[in-house]
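Notes for the one structure printed next.
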Amino acid sequence: MAEVSLADTRKVFGTHTVIPELSLSVPDGSFTVLVGPSGCGKSTLLRMIAGLETTSGGRIEIGGRDVTAVTPSQRGIAMVFQSYALYPHMSVRDNISFGLRLARRPAAEIDGKVRRAAEILQLEPYLDRKPAALSGGQRQRVAIGRAIVRDPGVFLFDEPLSNLDAALRGQMRIELLDLHRRLGSTMIYVTHDQVEAMTMADKIVVMNAGRIEQAGSPLDVFDRPQSPFVAGFIGSPRINFFKGGIAESRGGDMVAVRPEHLRIVETGGRWRGRIRLLEQLGTDTLVHVTLTDGDEIVIRAPRMGPELQDAQVAIDCDDRHFHVFCDGQRVD
Amino acid sequence: MHSSRLRGYGLYILPTFLVLATITIVPLFVTFTVSLFLIDVTSGLPPVWQGFYNYVSLLSDSRFLNSLVVTAELIFIPVALQLLFGLALAICLRERLAGTRWMRILFLLPAVIPPAVSGLVWKLFVIPGAGGLAWLSGLLGIDLDIDLLSMPATALATVVVASTWVGTPFVALILLSGIETIGKDQYESATLDGATWWQTHRYISIPTLAPIIRTVVVFRILEALAIFPIIFVLTGGGPAGATEPVNFYAYVTGFDYLQIDYAASMIVLFFLAMMAFCSPFLVQIARSAEGGAR
Ligand SMILES: Nc1ncnc2c1ncn2[C@@H]1O[C@H](COP(=O)(O)OP(=O)(O)OP(=O)(O)O)[C@@H](O)[C@H]1O
Ligand SMILES: [Mg+2]
């Protein structure tokens with residue numbers, strides 16, 4: 001159990017500044033997801049918390065203790081890597097107990113911890129196998145088991161599910177949330193998949209180019225994006241942006257509306273356009289429309305037939321669904 | 001079906017098989033035949049059948065027995081040292097310690113220099129009073145004016161050093177390519193688990209490299225006798241046979257003393273001993289290669 005706080009943390013590789021200056025507080029017991037586009041510094045930040053990268057400036061505290069200069073193994077953290085990082089020549093049991101054996105814990109304690117982790121992760125039947133004889137999902141569980149036996153205050157995950165197929169990813173997502181509820185430890189989870197971020201987090205941290213764009217609960221970030229970047233990054237399909245008169249009339253230079261808040265209407269409407277493409281999702285239909293001014297927008301509408309292809313339509317939305325931005329900041 | 005498939009494979013293998021047979025099996029067979037006859041090349045008399053007489057004599061030939069001991073020393077000590085240094089260098093190169101980037105190229109040098117030249121280099125290096133060694137020890141303020149090659153123990157040590165020097169780069173490069181297949185994450189994960197530098201290599205690098213180490217050792221053992229030119233140049237087998245391995249004794253017997261049949265019997269015995277020693281390893285390597293392919 002531990003909170004993590006970063007104060008003015010910086011990271012520079014040579015002359016390349018990856019994280020200019022970043023402060024973040026991760027509450028004790030939270031499931032915090034760091035999300036952002038590729039190369040924005042998520043892994044670097046996580047590795048700094050783990051102690052695998054040195055910090056170029058600032059402080060890192062875990063559980064109230066300044067760990068900026070503490071070696072990785074003494075920070076009270078455990079990390080699960082995207083590649084699983086299992087040792088191929090060791091059995092599952094030996095992989096899980098590696099750290100405990102290095103620390104020369106008593107055999108009974110090691111055995112008990114391995115058994116508990118194996119039970120939580122349903123790995124009992126595989127304890128004597130080598131990693132090569134496991135499926136991707138099972139390997140992932142072994143990697144998590146290796147973290148569990150360390151009883152860390154903080155679990156760090158770096159894109160742990162990205163090597164799994166979609167179905168397994170969905171299942172492991174739920175298992176990880178179960179694990180979080182069961183252990184109650186702080187978890188920091190890195191992903192570039194905003195669906196993973198939305199579904200798993202109790203706190204989302206949206207990063208862009210080494211900076212925090214916005215941090216908050218998933219719904220808060222979704223409902224009140226603080227910048228066009230966050231609005232565009234969170235939510236699928238992507239939010240629609242409008243510039244020009246409609247933005248100026250609301251006191252900004254840009255407005256955004258989510259696809260599900262746009263409606264196709266019989267009469268009136270703010271915009272007019274031609275249906276370019278219909279994507280059928282089953283329950284809903286994604287309607288791609290080319291507006292008269294040439295902009296492309298997406299509408300998430302209740303299911304509608306393919307006969308509407310190329311039809312001229314009018315589009316509207318309620319005032320309350322506009323997100324207004326001025327100079328890259330939200331205006332209310 | 002099965003046999004026709006075998007026949008198909010056989011056809012592909014045949015050319016290779018014929019070439020291998022010509023360059024290995026036929027000479028062996030000829031050597032063995034020669035060893036069973038008394039052949040006097042100086043008199044021009046026809047060969048006389050003498051059966052296994054040569055082999056019986058070998059067993060009481062103290063120079064031969066000594067050469068067996070020297071052979072064992074010249075195989076196992078350098079190979080053990082090559083493995084030790086090779087592993088250490090591979091690990092240093094992997095960790096990109098300062099200045100090691102060059103080493104990859106420098107390293108290949110001893111491996112590509114012809115062994116006879118290596119022998120010469122070392123001979124010049126240890127020349128008393130004038131060589132590089134004398135110069136180095138002079139720098140340290142020691143007046144080293146002894147001929148290392150004139151005393152049995154130091155002569156053997158010099159050959160061991162030269163042979164280690166020749167073989168280490170190969171071992172290091174093979175182990176380096178093996179060690180580079182180990183993911184960075186594995187080392188980092190071990191670091192998080194509290195492993196020290198030594199423990200990460202003891203429990204991760206070395207076990208992962210074990211199959212490669214086994215293969216390399218067998219090949220180095222088989223290759224160790226290729227130091228023949230080094231001995232030829234450096235010590236000529238002396239002093240008093242201290243650095244004379246079996247193949248060198250056989251060479252001297254055959255080409256200096258012109259006792260071709262006796263030399264042949266040494267080679268045959270030595271071949272059998274090497275095969276007996278190495279074949280379990282070779283079988284194991286072949287097995288694991290088969291297992292890996294499956
Ligand atoms: N060891 C390093 N040396 C120099 N630059 C580095 C190093 N590690 C990372 N970087 C740079 O830092 C930036 C952030 O990298 P990082 O791996 O943290 O991105 P990320 O957000 O995890 O991306 P992804 O989603 O692709 O994993 C990148 O521009 C990368 O090139
Ligand atoms: Mg990353």
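Just so you know, these numbers use all the heavy atoms, side chains as well, and skip hydrogens, waters and symmetry mates. Chain naming here is simple, since letters A, B, ... match the order of the sequence lines and numbering starts at 1 in each.
Only the backbone of A/L86 has a heavy atom closer than 4.5 Å to any heavy atom of chain B. With a 4.5 Å cut-off on non-hydrogen atoms, B/A210 does not touch chain A at all.
For CZ of A/F13, the number of neighbouring non-hydrogen atoms (other residues, nucleotides, ligands) closer than 6.0 Å is greater than 12. The number of heavy-atom neighbours closer than 6.0 Å to CZ of A/R115, taken from other residues, nucleotides and ligands shown, is 12 or below. Within 6.0 Å of the CZ atom in A/F31, the count of heavy atoms belonging to other residues, nucleotides or ligands exceeds 12.
If you take CZ on A/F81 and CG on B/L192, they are separated by 5.0 Å, rounding to the nearest 0.5 Å.
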Taking donor and acceptor roles from the modelled atom types, list the N and O pairs under 3.5 Å across chain A and chain B.
{"residue": "A/R47", "atom": "NH1", "partner": "B/E188", "partner atom": "OE1", "Å": "2.7"}
{"residue": "A/R47", "atom": "NH1", "partner": "B/E188", "partner atom": "OE2", "Å": "3.2"}
{"residue": "A/R47", "atom": "NH2", "partner": "B/E188", "partner atom": "OE2", "Å": "2.8"}
{"residue": "A/S83", "atom": "OG", "partner": "B/D185", "partner atom": "OD2", "Å": "2.4"}
{"residue": "A/L86", "atom": "O", "partner": "B/Q186", "partner atom": "NE2", "Å": "3.3"}
{"residue": "A/Y87", "atom": "OH", "partner": "B/A190", "partner atom": "N", "Å": "3.2"}
{"residue": "A/H89", "atom": "ND1", "partner": "B/T208", "partner atom": "OG1", "Å": "3.3"}
{"residue": "A/H89", "atom": "NE2", "partner": "B/Y203", "partner atom": "O", "Å": "2.8"}
{"residue": "A/R146", "atom": "NH2", "partner": "B/S189", "partner atom": "OG", "Å": "3.0"}
{"residue": "A/R150", "atom": "NH1", "partner": "B/L192", "partner atom": "O", "Å": "2.9"}
{"residue": "A/R150", "atom": "NH2", "partner": "B/L192", "partner atom": "O", "Å": "3.0"}

